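As the structure is a prediction and not an experimental result, all values here were calculated from the model. Below, chain A is the first sequence line, B the second, and so on; all start at residue 1.
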Protein chains: 2
Amino acid sequence: MNVRTLCLSILYEGEATGYDIRRLSVEGECAYFIEASFGSIYPALAKLEDEGLVTSRTEQQSGKPSKKVYSITEAGRTAFADELLAPLAPDTLRSPFLLFARYARILPPELVEERVNDYLQQTVAAKEKLDGVPTGSGCHAADKWVINYGRAIMGVAEQYLRTHMHELITMARAEPKKDAAE
Amino acid sequence: MNVRTLCLSILYEGEATGYDIRRLSVEGECAYFIEASFGSIYPALAKLEDEGLVTSRTEQQSGKPSKKVYSITEAGRTAFADELLAPLAPDTLRSPFLLFARYARILPPELVEERVNDYLQQTVAAKEKLDGVPTGSGCHAADKWVINYGRAIMGVAEQYLRTHMHELITMARAEPKKDAAE
DNA sequence: GCCAGCATATATCGGCCCGGCATATGCCCG
DNA sequence: CGGGCATATGCCGGGCCGATATATGCTGGC
């Protein structure tokens, strides 16, 4: 599930520029399970155009720099559908916070408290972003299904953090510094 | 939270070879939130040794190839503790399955059913692996906290999939092929 | 009994991807 | 009027993954 496929999936729903694709991948309704950066989106789009899976037209804009609007071709739709038929790669989660949490015993309680609070805030913010997605118009039924899955996950994450964060804070070392050398 | 830090975190708990680190990262108690491959572990260890954060000794073995056992140094412990003090990068989730799910409408129901069943199996297996972790001896209190967080998440994921998987299957197209061209 | 496959163990390489930077420009706010 | 921000494209260094190479003994199926 590479950036190439992500671009095709977004263009499958309609025209977009590279910038749009980045924005949708970071702020859009699938932002919580897949992301991509400019450094991979632009080369991916160029390659897709070479292969004839997308086409582009340059649109002049007053003031703003002119933009390159990409559209998916018939071949692109077929290629995307074919990629969905291929076996799925397993999900991957990367959580710097959970690595941090495992070492609470060698960290000052104030820091653990700050980090776990930040993490709770992020979780709540992510959940609220999903709650705020309009479930009408350009949103397919499966999109709602995926969003509700995310809501369910964020919900328990929030609940677990609220009820158990104090346990983690009490695991932090009260002594300054020394334990790290044990 | 790079491979370098992952290596330090594992060596913080005791000696290990590059192979051990790989195994612990894939099968160990933190496998569900961070992983690394040989291609990044071995270069990372070599660099850490250059910098004096770890040391190694070569251990001859009858039959098996001789192994290089790494140990963390005092400087390594300090460097690891310092890295934990730095601001945390946000969690990232990458889910090919959820991208697949969004396009149920252009996929055959049998395929959607198969994929969602596989995904449920994987979720259940991941949860059972966490349930099977021995919560005694070499396992710190914070490790249990992290594992219970994972259990809570996997639990709702399983529940959501069981109660809502049929909705997703009914969203799949009954017609063979054509909708992809719409 | 023999061979395939697997587990152990280290290491490299191509290629994907991210984050930061450069470039360009007009708008808004202080 | 100047700094920062939003729009927009694109490159580059470096990090990381997956595949592959190399070596070897054990185990299970035929």
Side-chain angles (χ1 to χ4, degrees), chain A residues 1-8 10 15-27 31 33-51 54 56-70 83 86-94 96 99, chain B residues 1-8 10 15-27 31 33-51 54 56-70 83 86-94 96 99:
Chain A
M1 223 58 2
N2 44 19
V3 174
R4 177 196 166 82
T5 311
L6 173 69
C7 290
L8 285 178
I10 288 173
E15 293 184 338
T17 66
Y19 193 83
D20 289 336
I21 292 174
R22 161 71 175 174
R23 195 162 36 74
L24 285 169
S25 105
V26 172
E27 301 166 24
F33 65 87
I34 196 149
E35 271 189 46
S37 72
F38 290 129
S40 44
I41 289 171
Y42 284 114
L45 286 171
K47 205 179 163 214
L48 284 169
E49 197 172 12
D50 272 357
E51 295 171 30
V54 304
S56 71
R57 68 192 149 76
T58 306
E59 224 171 68
Q60 233 66 25
Q61 293 187 116
S62 58
K64 281 172 255 182
S66 59
K67 63 184 180 181
K68 235 166 129 178
V69 182
Y70 288 90
E83 279 195 79
L88 292 174
D91 287 9
T92 56
L93 168 63
R94 183 142 305 202
L99 181 60
Chain B
M1 225 51 8
N2 43 17
V3 173
R4 176 196 167 82
T5 311
L6 174 68
C7 289
L8 285 178
I10 288 173
E15 294 184 338
T17 65
Y19 193 82
D20 289 335
I21 292 173
R22 161 71 175 174
R23 195 162 35 75
L24 284 168
S25 104
V26 173
E27 300 166 24
F33 65 86
I34 196 150
E35 271 189 46
S37 71
F38 290 129
S40 45
I41 289 171
Y42 284 114
L45 285 172
K47 206 182 164 211
L48 285 169
E49 197 173 13
D50 272 357
E51 296 171 30
V54 305
S56 71
R57 69 193 148 73
T58 305
E59 224 171 68
Q60 234 65 25
Q61 293 187 120
S62 59
K64 280 171 254 179
S66 60
K67 62 185 181 182
K68 235 168 131 179
V69 182
Y70 288 91
E83 279 195 78
L88 293 173
D91 288 9
T92 55
L93 167 64
R94 182 143 307 201
L99 182 60

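Residues Pro96(B) and Asp91(A) have side chains in contact (heavy-atom distance under 4.5 Å, counting atoms from C-beta outward). Side-chain atoms of Ile41(A) and Cys7(A), non-hydrogen and from C-beta on, do get closer than 4.5 Å to each other. In this structure, Glu83(A) and Leu8(A) have side chains that are in contact, with non-hydrogen atoms separated by less than 4.5 Å.
In this structure, Gly39(B) reaches the bases: a heavy-atom distance under 4.0 Å links it to at least one base atom across the strands shown. Residue contacts shown for Arg94(A) are limited to sugar-phosphate atoms, with no base heavy atom under 4.0 Å away. As judged by a 4.0 angstrom heavy-atom cut-off over every strand, Thr17(A) is placed among residues touching the sugar-phosphate backbone only. No contact: Ala46(A) has no heavy atom under 4.0 Å from any strand.
Spacing between atom NZ of Lys47(B) and atom P of dA11(C) amounts to 17 Å, rounded to whole angstrom units. Glu27(B) has its CD atom 8 Å from the P atom of dT8(C), to the nearest Å. For the pair Lys68(A) NZ and dG10(D) C1', the computed distance is 10 Å after rounding to whole Å. Atom CZ of Arg22(A) is separated from atom P of dG10(D) by 16 Å (rounded to the nearest Å). Atom CG in Leu6(A) sits roughly 10 Å away from atom P in dC17(C) (whole-Å rounding). Distance, Ile34(A) CD1 to dC17(C) P: 9 Å, rounded to whole Å. The CZ-C1' distance, from Arg23(B) to dC6(C), rounds to 15 Å in whole Å. A straight line from CG of Leu45(B) to P of dT10(C) spans 9 Å, rounded to a whole angstrom.
If you check dT9(D), dC17(D), dT10(C) against the side chain of Ser37(B), the one that comes closest is dC17(D). Checking dC16(C), dT8(C), dG15(D) against every side-chain atom of Asn2(B), the shortest atom distance belongs to dG15(D).
The phosphate of dA11(C) (OP1 or OP2) has no side-chain N or O of Tyr42(B) nearer than 4.0 angstrom. Phosphate proximity of dC16(D) to Ser40(B): absent, as no side-chain N or O sits under 4.0 Å from OP1 or OP2. Residue Tyr19(A) has a polar side-chain atom (N or O) positioned under 4.0 Å from OP1 or OP2 of dT7(D).
Where Ala44(B) and Phe38(B) each meet DNA chain D at their nearest nucleotide, the meeting point lying more 5' is that of Ala44(B).
A salt bridge links Asp20(A) and Arg23(A); the closest N-O separation between the charged side-chain nitrogens and carboxylate oxygens is under 4.0 Å.
Applying the ring pair (Phe, Tyr, Trp, His ring centres under 6.0 Å) criterion to Tyr42(B), with sequence neighbours excluded, gives Phe38(B).
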